[in-house]
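One structure is given below, encoded as structure tokens.
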Amino acid sequence: MNVKAALSPEDIARACADAMWAEDDASKGLGMEIVEIGPGFATLAMNVRPDMVNGQRIVHGGFIFTLADSAFAFACNSHNDRVVAAQGQITFIKPGKLGDRLVAKAREVTRGGRSGIYDVRVTAGDTVIAEFRGHSRAIRGNWLPAQDQ
């Protein structure tokens, strides 16, 4: 039976996210949570802890990048293909601060063949603090085992 015939695209995205999340020690270890998931999009959030601020007392850019990269990963893996990052670029716009709740919203711009492009906006409240663009590349395999199909 075909996965797409048995499950809705939303169900496939949720099942893929659950399978990825089970193995994603990095995102869990940083306190990230999946807020929303669907075909070609994902929203993840993370609260800024004291160990995430740098010498300027603002959020270290590496943590902002990691949150954006994780949202990108969940968005591009939402179609039951195993996908990795080929490239990621971020523009920091405003600083995040200790105690902020950062939210990264990833959306699919285009996907075809083995490649895709995704945009991620990272916010703290109503303030946009970063914009990220990721290029994805599908690899071998699927997230959902044959018995889930």
Cluster companions of Ile117 among Ile, Leu, Val, Met, Phe, Trp, Tyr (side-chain spacing under 4.5 Å) |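 Same cluster as Ile117: Val109.
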
If you group Ile, Leu, Val, Met, Phe, Trp and Tyr whenever their side-chain heavy atoms sit less than 4.5 Å apart, what else falls in with Ile139?
->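 Under the 4.5 Å side-chain rule, Ile139 groups with Val84.
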
Taking a hydrophobic cluster as the set of Ile, Leu, Val, Met, Phe, Trp and Tyr residues connected by side-chain heavy atoms closer than 4.5 Å, whether directly or through intermediates, do [X] and [Y] fall within one such cluster?
X: Phe63; Y: Val122; value: yes
X: Val120; Y: Ile34; value: yes
X: Ile37; Y: Val103; value: no

List the residues meeting side-chain hydrogen bond (donor to acceptor under 3.5 Å, both in side chains) with [X], not counting sequence neighbours, and say none if there are none.
X: Asp11; value: Ser8
X: Arg133; value: Asp119
X: Thr66; value: none
X: Thr127; value: none

Taking [Y]'s backbone N and O only, do any of them form a donor-acceptor pair with [X]'s side chain (distance below 3.5 Å, no angle check)?
X: Ser136; Y: Gly116; value: yes
X: Asn142; Y: Asn80; value: yes
X: Ser78; Y: Gly40; value: yes

If you measure from [atom1] on [X] to [atom2] on [Y], what distance do you get to the nearest 0.5 Å?
X: Met32; Y: Leu102; atom1: CE; atom2: CG; result: 9.5 Å
X: Ile129; Y: Thr123; atom1: CD1; atom2: OG1; result: 7.5 Å
X: Phe65; Y: Ser70; atom1: CZ; atom2: OG; result: 10.0 Å
X: Glu108; Y: Thr110; atom1: CD; atom2: OG1; result: 7.5 Å
X: His135; Y: Gln89; atom1: NE2; atom2: CD; result: 7.5 Å
X: Trp143; Y: Met20; atom1: CH2; atom2: CE; result: 5.0 Å

Contact summary for [X] and [Y], nearest pair of heavy atoms:
X: Ala104; Y: Leu67; value: CB-CG, 3.7 Å
X: Ala85; Y: Asp69; value: CB-OD1, 4.4 Å
X: Ala124; Y: Asp100; value: CB-OD2, 3.7 Å

Under the ring-ring contact (aromatic ring centres under 6.0 Å, His included) rule, collect the residues that match up with Phe72, sequence neighbours excluded.
->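 If we apply the ring-ring contact (aromatic ring centres under 6.0 Å, His included) test to Phe72, skipping adjacent residues, the hits are Tyr118, Phe132.
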
Of all pairs that satisfy salt bridge (Lys or Arg N to Asp or Glu O under 4.0 Å), the ones with a partner from residues 71-91, not counting sequence neighbours =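 Sorted result for residues 71-91: Asp81-Arg111.
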
Pair listing, salt bridge (Lys or Arg N to Asp or Glu O under 4.0 Å) test, anchored in residues 44-54, at least two apart |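 Sorted result for residues 44-54: Arg49-Asp51.
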
Hey, could you give me each pair passing side chain to side chain donor-acceptor pair (under 3.5 Å) that has a residue in residues 32-42? Not counting sequence neighbours.
->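 Of all non-adjacent pairs touching residues 32-42, those that pass side chain to side chain donor-acceptor pair (under 3.5 Å) are Glu33-Arg101.
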
What residue pairs, at least two apart or across chains, pass side chain to side chain donor-acceptor pair (under 3.5 Å) with a residue in residues 16-25?
->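 Listed by first then second residue: Arg14-Asp18, Asp24-Ser27.
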
Would you be so kind as to tabulate the donor-acceptor pairs closer than 3.5 Å made by side chains of residues 90-99, with sequence neighbours excluded?
none

Do Pro39 and His79 have side-chain heavy atoms sitting under 4.5 Å apart?
->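 They are in side-chain contact.
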
